[in-house]
Number of protein chains: 2
Amino acid sequence: MNETSGIAAAQPTERIPAAERREQILAAASVVFGERGYSGATTDQVARAAGISQPYVVRMFGTKENLFLEVVARALERLVAGFRQVLAEPREHGDDERELLIARLGAAYVDLIEDRGILLSLMQAFLSGHNPVVGAKARAGFLEIYRMLRDEAGFPPDTIRGFLADGMLFNTLLAIRLPDIFDEDPDAEELMRCTFRGKLDLVLGATAAEAAKHA
Amino acid sequence: MNETSGIAAAQPTERIPAAERREQILAAASVVFGERGYSGATTDQVARAAGISQPYVVRMFGTKENLFLEVVARALERLVAGFRQVLAEPREHGDDERELLIARLGAAYVDLIEDRGILLSLMQAFLSGHNPVVGAKARAGFLEIYRMLRDEAGFPPDTIRGFLADGMLFNTLLAIRLPDIFDEDPDAEELMRCTFRGKLDLVLGATAAEAAKHA
DNA sequence: CTGTTTTGTAATCATTCAATTACAACATTC
DNA sequence: GAATGTTGTAATTGAATGATTACAAAACAG
């Protein structure tokens, strides 16, 4: 029935290059830190989620804090990179140029935060304003987005505010898992629909897919 | 120089009615939980902030978790109550009726989140979507606000979305302490100004007052 | 005054968890 | 095929912390 010993035989854990393991750990840590917060997450939870042992996680990143910092830095980098990519695309000039750009940037954002790890890691970063390192990263990241919208996208202040504000509302409604209670309270879906409008199907498709994956 | 003993003399800690102590602890806990999160905060930190001993905090609320739940529930209640109060005020009918109501509700919200404990406790609640109890409270609270704006204020969907979105952006910019770097990066103030517009002085006055209080 | 309730703390316990140590197995190089 | 480096774990430890216990002193009731 099993090999060599009579014990559970905990599969001999495939050897994988450190660089690749690193990515696995970061992906797992993003989810775990996102859901439980820096203090609420344990290195053991991250290790299990990544399919390795706790000491390996610690050795790979030195400390739990370093791991968290890297998770946050990655999330912010991906956010900035996502916007930069959209802004680098060619755009035709016309009446609806701005509307189109907003739609593309919005889609890129929703695409990013469909990854619940990214979404929650970003929000954890926003809630770490008191932490010198994470707080500074969060402020710098937010200001970089602001400058991109102002200088590269050429948006006027009200457009910028509206765009950023919508994004923060997206964050919140997804973080509190509003879609979870669609069948208990129809207002939940109404609020989601009024918030995400056309993007709702995109969002719901992603959360449904994720739920199916876990089942 | 000091009384009785040669030791620091830790003042005999005034006896205060339990009900009043309870409020002190909740106020302290709001700040501590807000800054450090549920897991990051210790009952000892709350106790020190409230000026009492750690066992007393635990005995008053049974468990750390109960204390956190009550802090979150209070924050959500104050939010709902604040809006309900504005909506109960008499309003004259006119072209700018809606604008005026938005302004009043917005002012009430900014007034509320000037209390950093409330602001951060609310955000912690939003980030606790995975926790059955806190998550349910957060969802219910958000939906109640939505219904108030839809049914009592009579706002159309886009107005509701805009209002809620602005609120979430307020939250974020205050949480990351953007005003802290006004003199390092002028864009920080620009972003705050474009977000809060008229309300900025209100916000800055409050944070400045709070900073002075701590100094 | 005497007894009881309320308000509070000091000391301690049991658990959790990040970090360290020591070691093992595989891979690569020479 | 030894020597070296890489990838991994089991076992342990030391510190932190929520909770409990035992006790003290103030307030109050009769």
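Naming: A, B, ... by sequence-line order, numbering from 1 per chain.
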Margin query: Between F61(A) and F68(A) (judged by ring centroids, cut-off 6.0 Å), do the two rings come close enough to count as a pair?
Written below: no
Checklist line | Proximity to the side chain of T63(B) - top-ranked nucleotide from dA19(D), dT9(D), dA19(C) | finding: dA19(D)
Next item on the list: Let me know, please, whether Q54(A) or M60(A) comes out on the 5' side of the other along DNA chain D by nearest nucleotide.
Entry: M60(A)
Next item on the list: Could you tell me whether the phosphate oxygens of dT9(D), OP1 or OP2, come under 4.0 Å of any side-chain nitrogen or oxygen in Y56(A)?
Entry: no
Next item on the list: Return the angle between end axes of the helix from dC1(C)-dG30(D) to dC30(C)-dG1(D), with five pairs used per end and rounding to 10°.
Entry: 0°
Check: Is the distance from OP1 or OP2 of dA19(C) to the nearest side-chain N or O of R59(A) less than 4.0 Å?
Finding: no
Write down the protein N/O and nucleotide N/O pairs, taken from nucleotides 1-6 of chain C, whose separation is under 3.5 Å; answer none if there are no such pairs.
residue	atom	partner	partner atom	Å
dT6(C)	O2	R15(B)	NH1	2.9
dT6(C)	O2	R15(B)	NH2	2.7

Notebook entry, point to check: The side chain of S53(B) lies closest to which of these nucleotides: dG18(D), dG8(D), dT9(C)?
Noted result: dT9(C)
Checklist line | Close approaches to DNA chain D from residues 37-48 of chain A, in residue order (heavy atom, under 4.0 Å) | finding: none
Note to self: Has K64(A) got a side-chain atom pairing as donor or acceptor with A41(A)'s backbone, closer than 3.5 angstrom?
What the structure shows: yes
Notebook entry, point to check: What pair of heavy atoms forms the shortest contact from R161(B) to R197(A), and how long is it?
Noted result: NH2-NH1, 3.3 Å
Checklist line | For the student: nearest non-hydrogen atoms of I176(A) and A138(B), plus distance | finding: CG2-CB, 4.1 Å
